[in-house]
Engineer: 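Once you've had a glance at the structure underneath, I'll fire off some questions.
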Amino acid sequence: MARAKNYLDQKLAEKLRDRKYYTTDSNPEFLKEVEKIGQTPAHMCYQCGTCTGSCPSAPRSSYRIRLFMRKAVLGLEEEALTDPDLWLCTTCYSCTDRCPRDIAPTDVIMAMRNLAFRKDIVPRNFLQTVQLIYKSGHGVPNNDVNRAARVKLGLEAEPETTHKYPEYIPGIQKILDHYKLKDEADRILAKGE
């Protein structure tokens, strides 16, 4: 059943409907940074909504990629980077595949996430996933229940991943160390304790 896609934050919804441009709310450098990091011309978005219409997450969540495209174009940095919905994108690239302007909305989201990370605005569960990947090579490590289910299905208890080949974990750790991702996750999580 089709549902209206309303924005829950009525103040923000009003701001996005407003056709006037308020420089006090906007950081013009934000769009430039998003475009530089995302390598896509976000300013060419004309809000057709194809991105939101093709998003598999949109019907089941409050995530609206069109809203983030609008925030980027208007330079609404604070609203974009502090919106928890920024982290709901699964990066499936359906929006990018269907964008009539050949913009990559997924890359806009990824750029915004990078900018949010620079400001330590990252959901705790994402940071904890980094820690798990560093430790096991997986965001969701195998456990006894999964092992038993795999065996019951006639599979090996450990999948063909770092669970079976833990000798590759140091390589994963080296990549995360190169980008200081684990250190940053540890630092940000420690601040919240």
Side-chain angles (χ1 to χ4, degrees), residues 1-130 133 139 176 179-181 184-185 188 192:
M1 175 160 68
R3 293 183 315 175
K5 294 182 177 178
N6 296 321
Y7 302 119
L8 297 178
D9 182 345
Q10 292 305 310
K11 187 176 174 186
L12 179 61
E14 191 64 35
K15 185 186 285 187
L16 293 175
R17 272 194 299 269
D18 194 339
R19 293 179 179 260
K20 294 180 181 171
Y21 183 70
Y22 299 94
T23 56
T24 54
D25 295 342
S26 177
N27 174 6
E29 297 303 312
F30 180 60
L31 176 60
K32 291 177 186 172
E33 278 193 273
V34 167
E35 289 185 333
K36 181 180 173 188
I37 294 169
Q39 296 291 299
T40 191
H43 70 277
M44 292 184 60
C45 174
Y46 55 39
Q47 291 287 293
C48 69
T50 301
C51 52
T52 296
S54 60
C55 176
S57 295
R60 295 168 186 82
S61 71
S62 59
Y63 180 64
R64 305 288 178 264
I65 193 161
R66 178 180 171 193
L67 178 63
F68 283 98
M69 295 301 292
R70 184 80 170 137
K71 289 176 182 176
V73 170
L74 292 178
L76 299 175
E77 180 178 16
E78 182 72 19
E79 285 88 345
L81 301 186
T82 59
D83 188 334
D85 288 356
L86 178 63
W87 302 90
L88 294 177
C89 175
T90 61
T91 67
C92 71
Y93 280 89
S94 293
C95 57
T96 300
D97 291 341
R98 295 182 178 118
C99 178
R101 304 293 309 255
D102 290 329
I103 302 169
T106 306
D107 293 343
V108 169
I109 292 297
M110 297 301 285
M112 288 182 181
R113 287 179 179 176
N114 278 289
L115 292 169
F117 193 85
R118 288 182 190 170
K119 296 183 174 204
D120 294 352
I121 306 169
V122 186
R124 294 183 67 79
N125 59 331
F126 275 70
L127 299 171
Q128 291 163 341
T129 301
V130 169
I133 291 171
L176 295 177
Y179 292 103
K180 298 179 176 44
L181 197 54
E184 288 297 303
I188 296 169

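The figures here come from the full heavy-atom set of this structure, side chains too, leaving out hydrogens, waters and symmetry mates.
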Engineer: With sequence neighbours excluded, what pairs up with K180 under the side-chain hydrogen bond (donor to acceptor under 3.5 Å, both in side chains) test?
Structural biologist: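 Counting only residues at least two positions away or on another chain, K180 forms no side-chain hydrogen bond (donor to acceptor under 3.5 Å, both in side chains).
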
Engineer: Just how far is it from atom CZ of R98 to atom OG1 of T52, taken to the nearest 0.5 Å?
Structural biologist: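 The OG1 atom of T52 is 12.5 Å from CZ of R98, to the nearest 0.5 Å.
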
Engineer: Give a yes or no on this: more than 12 heavy atoms of other residues, nucleotides or ligands lie within 6.0 Å of atom CD of E78.
Structural biologist: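 No, not enclosed.
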
Engineer: Taking all non-hydrogen atoms of both residues, which atom of T40 and which atom of A104 are closest, and how far apart?
Structural biologist: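 Where T40 meets A104 most closely, the heavy atoms are OG1-N, 2.8 Å.
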
Engineer: Heavy-atom count check: over 12 atoms from other residues, nucleotides or ligands less than 6.0 Å from Y46 OH?
Structural biologist: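 Yes.
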
Engineer: Counting distance only, does the side-chain N/O of T129 pair as donor-acceptor with the main-chain N or O of G139 below 3.5 Å?
Structural biologist: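 No, T129 side chain to G139 backbone: no donor-acceptor pair under 3.5 Å.
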
Engineer: Give the minimum heavy-atom separation between A72 and V108, together with the two atoms involved.
Structural biologist: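 Closest approach of A72 to V108: CB-CG1, 4.3 Å.
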
Engineer: Contact between V73 and Q47 at the side-chain level, heavy atoms closer than 4.5 Å - yes or no?
Structural biologist: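 A side-chain contact is absent here, since even the closest heavy-atom pair is not under 4.5 Å.
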
Engineer: Would you say that I188 contacts F126 through its side chain, given a criterion of any heavy-atom pair below 4.5 Å between the two side chains?
Structural biologist: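 Result no, sub-4.5 Å side-chain heavy-atom pair not found.
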
Engineer: List the steps and the verdict of side chain to side chain contact (heavy atoms under 4.5 Å, CB included) for D83 and M112.
Structural biologist: CA-CA 11 Å; D83 188 334; M112 288 182 181; over 6 Å; no

Engineer: Let me confirm one number: the NE2-CE distance from H43 to M69, rounded to the nearest 0.5 Å.
Structural biologist: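 One finds 10.5 Å between NE2 of H43 and CE of M69.
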
Engineer: Going by heavy atoms in the side chains, are E184 and V122 under 4.5 Å from each other?
Structural biologist: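 A side-chain contact under 4.5 Å is absent here.
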
Engineer: Any chance you could measure E35, atom CD, to F30, atom CZ, to the nearest 0.5 Å?
Structural biologist: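 One gets 11.0 Å once the value is rounded to the nearest 0.5 Å.
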
Engineer: Can you name the closest pair of heavy atoms from I103 and M44 and give their distance?
Structural biologist: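 Reported closest heavy-atom pair: CD1-C, 3.5 Å.
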
Engineer: Side chain to side chain contact (heavy atoms under 4.5 Å, CB included), that's the test. Do F117 and L127 meet it? Break it down for me.
Structural biologist: CA-CA 10 Å; F117 193 85; L127 299 171; 3.9 Å; yes

Engineer: Let me confirm one number: the CG-CG distance from L67 to D85, rounded to the nearest 0.5 Å.
Structural biologist: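 Taking CG in L67 and CG in D85, the distance rounds to 8.0 Å.
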
Engineer: Output, in order, the C-alpha distance, side-chain angles, deciding distance and verdict of salt bridge (charged side-chain N to carboxylate O under 4.0 Å, His left out) for E33 and K36.
Structural biologist: CA-CA 5 Å; E33 278 193 273; K36 181 180 173 188; over 6 Å; no

Engineer: Rounded to the nearest 0.5 Å, what separates atom OG1 in T82 from atom CD in E77?
Structural biologist: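 Answer rounded to 0.5 Å: 10.0 Å.
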
Engineer: Counting only N and O atoms by type, is there a donor-acceptor contact under 3.5 Å from the side chain of R64 to the main-chain atoms of A58?
Structural biologist: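 Here the side-chain-to-backbone pair exists.
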
Engineer: What I'd like to find out is whether the side chain of I109 reaches to under 4.5 Å of the side chain of F68, using heavy atoms alone.
Structural biologist: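 Yes; the side chains approach each other to less than 4.5 Å.
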
Engineer: Would you give me the side-chain donor-acceptor pairs under 3.5 Å for residues 86-96, sequence neighbours excluded?
Structural biologist:
{"unit_1": "Y93", "atom_1": "OH", "unit_2": "D107", "atom_2": "OD1", "d": "2.5"}
{"unit_1": "T96", "atom_1": "OG1", "unit_2": "T106", "atom_2": "OG1", "d": "3.3"}

Engineer: First locate atom OG1 of T50, then atom CZ of R101, and finally report the distance between them rounded to the nearest 0.5 Å.
Structural biologist: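 Going from the OG1 atom of T50 to the CZ atom of R101 covers 11.5 Å.
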
Engineer: Looking only at heavy atoms, what is the nearest atom pair of S61 and S57, with distance?
Structural biologist: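 In this case the closest contact between S61 and S57 is OG-O, 2.8 Å.
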
